[in-house]
2 protein chains.
Amino acid sequence: MSEIQRPGALYQQVAAAIREAILSGEFAPDTLLPSEAQLMTRYGVSRPTVRNAIAALRAEGLIDVRHGKGSFVRSSGHPTLTLERRISRTSEGKFVMPNGDTWQEAEEPNTYRTLTTKTTGRLLQLGEEEALFGCDRLLIDPATGTRAMHRTLIPFEVAEAVPLLGEEPCKPPAAIYWVLTQVGGHALSWTETVRAHMPLPDERTALQLPDATPVLHVARVAHDADDRPLVLEELRFGADRAELAYRITADKQPTRRARP
Amino acid sequence: MSEIQRPGALYQQVAAAIREAILSGEFAPDTLLPSEAQLMTRYGVSRPTVRNAIAALRAEGLIDVRHGKGSFVRSSGHPTLTLERRISRTSEGKFVMPNGDTWQEAEEPNTYRTLTTKTTGRLLQLGEEEALFGCDRLLIDPATGTRAMHRTLIPFEVAEAVPLLGEEPCKPPAAIYWVLTQVGGHALSWTETVRAHMPLPDERTALQLPDATPVLHVARVAHDADDRPLVLEELRFGADRAELAYRITADKQPTRRARP
DNA sequence: AGTCATCACTCGTAAGGACAAGTGACGTCA
DNA sequence: TGACGTCACTTGTCCTTACGAGTGATGACT
């Protein structure tokens, strides 16, 4: 009966005690925590209080609870998949994404269709709710089992010049750059924007995410020589499975971006 | 009384109904949701069930609950601060981090001290629990109020060659690179690794994070000509306030990394 | 020996009641 | 008018009880 007293609510004291035990290593990773009943007698509180404490630890991603078995200390395993974000151009002018792209299609690819975007329109220099030409995919990395949601978005202005896009199913992620070069749209620079958010239920199921696992969201925009956006690629994946890696080399001069 | 039936548990049905109303725009952002009592009569369930549903929406980051007032639809405001991750070298050989570094010290800086790292040792090619020379900071962006935790880590092997580091307080983040050049440690490349995780309580309070807000974690490692790590900078901030932006330019040749 | 029912244990769901605590408006009182 | 107390409303905390559902081992039956 480790007596507890300190801060705020009872369940927070219980949560703090368990958390401390986990972080100090008293409860090792992948270890079974005491059951709810045991915690009730241990701290002299009711079951809702224990469950409330456990819910707090769950939201912090410290433990995993399995129905009928118990609560396990989550092994703070680092991501097993590192996505190297680098785009290179071969001498023939073809674009390759050389690494981190061992993705395979996990489902039958969709076809291009009209989409609207609230969150990423800004990156394409569009207003909110503006229509786009786009395609969704569910990708999987066979080596690690990591899943990712991929979306290609092309402004209508650009898509109209590319008759090939009407064909179905839509091209694999990397091919879109090649397609663009065929019609004279040469991407000169890419900007990647990285965000994180909590998954909605559809993302939770599609990406098979455990509790309290954020989604990493990468939006890659290709710009042409006039700094106008050509394509937007979105990639979402569970932050427990994969991480992003950028290699930065020192320029001789600071790069300046055009200011409209 | 919108009757509900479909999937799984009662509280999930209630949560799904509210979630749908939010995503469809029926409940506008920053709007007050019906109170718990109203939801009880609306769906004909008990208070624990309503609270359970609300807890689920809270964990998804869809709503904010304020004691004594009610539940508000969270305005899905995009991050206001964009951190441009680019390192440039001036012609004099001094290193500058030209953008996204309007940070100010939010607290009196600490002094360098010995730290151990479990999660990021790998990036420095060290084992787990290996000791390092390091310094923590709490930064703030005055324009947006965004807070960030910053940590500088230097392997003992490197730190021993730098007598300047013993001085207190420790240098501002960017200065460490300049210090290194003074003793012949020239950084040639940087690798940034991006992860996301849910905050522990200390991160929640230090960064002043709302519910269900992930932490974005950037680890920047500077390597010398022999590809040995010189410094590790860690930056953590709330994913609701800031995002990362990388500009990628197309190389003529794919970059190959040494394989040991 | 093998199969399968049972049981004890786990967590999940749902309801009920009671009181504490934060918030804001309203009305009283000085 | 101004200050303040009260009250109604909100969510927060905590307890009790009950049953459903997943898991694994035990043991009886074939």
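Every residue two or more places apart in sequence or in another chain was checked for a side chain to side chain contact (heavy atoms under 4.5 Å, CB included) with B/Glu20, and none qualifies. The side chain to side chain donor-acceptor pair (under 3.5 Å) search around B/Arg66 returns none, not counting sequence neighbours. For the side chain to side chain donor-acceptor pair (under 3.5 Å) test, residues two or more places apart in sequence or in another chain that qualify with B/His217 are B/Glu234. When the side chain to side chain contact (heavy atoms under 4.5 Å, CB included) test is applied to A/Arg241, the partners found at least two apart in sequence or on another chain are A/Thr146. B/Tyr246 meets the ring pair (Phe, Tyr, Trp, His ring centres under 6.0 Å) test with A/Tyr246; sequence neighbours excluded. Applying the side chain to side chain contact (heavy atoms under 4.5 Å, CB included) criterion to B/Ala239, with sequence neighbours excluded, gives A/Ala196, B/Pro214, B/Leu216. Among residues two or more places apart in sequence or in another chain, the side chain to side chain contact (heavy atoms under 4.5 Å, CB included) test is passed with B/Leu32 by B/Phe72.
Between A/Gln38 and A/Ser35, the closest side-chain pair of non-hydrogen atoms falls below 4.5 Å. By the 4.5 Å heavy-atom criterion applied to side chains, A/Leu232 and A/Thr152 are not counted as neighbours.
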Would you be so kind as to tabulate the donor-acceptor pairs closer than 3.5 Å made by side chains of residues 202-210 of chain A, with sequence neighbours excluded?
from, atom 1, to, atom 2, distance (Å)
A/Glu203, OE1, A/Leu200, N, 3.0
A/Glu203, OE2, A/Arg236, NH1, 3.0
A/Arg204, NH1, A/Asp211, OD1, 3.2
A/Arg204, NH2, A/Leu209, O, 3.0
A/Thr205, OG1, A/Pro201, O, 3.3
A/Thr205, OG1, A/Asp202, O, 3.1
A/Gln208, OE1, A/Arg147, NE, 3.2

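A salt bridge is defined here as a Lys NZ or Arg NE, NH1 or NH2 lying under 4.0 Å from an Asp or Glu carboxylate O, and A/Arg51 with A/Glu36 meets this definition.
A/Thr49 has no side-chain polar atom (N or O) that falls below the 4.0 Å cut-off from OP1 or OP2 of D/dT13.
B/Asp141 and B/Thr144 share a side-chain donor-acceptor pair at under 3.5 Å.
Put simply, CD1 on B/Ile54 is 14 Å from P on D/dT13, counting in whole angstrom units. Rounded to whole Å, atom P of D/dC19 lies 18 Å from atom CG of B/Leu10. When the P atom of D/dC19 is taken as reference, atom CZ of A/Arg47 falls 14 Å away, rounded to whole Å. Nucleotide D/dT11 holds its P atom 15 Å from the OH atom of A/Tyr11, rounded to whole Å. Atom-to-atom, CZ of A/Arg51 to P of D/dT16 comes out at 16 Å; the value is rounded to the nearest Å.
Across all non-hydrogen atoms, the minimal contact from B/Asp30 to B/Ser75 is OD2-CB, 3.7 Å.
For DNA chain C, the span of nucleotides reached by chain A at under 4.0 Å from its heavy atoms goes, 5' to 3', from C/dT10 to C/dT13.
Between the axis at the start and the axis at the end of the helix from C/dA1-D/dT30 to C/dA30-D/dT1 there is an angle of 10°, using five pairs per end and rounding to 10 degrees.
Residues from residues 198-208 of chain B that place a heavy atom under 4.0 Å from any atom of DNA chain D: there are none. DNA chain C lies under 4.0 Å from at least one heavy atom of each of the following residues of residues 56-75 of chain B: B/His67, B/Gly68, B/Lys69.
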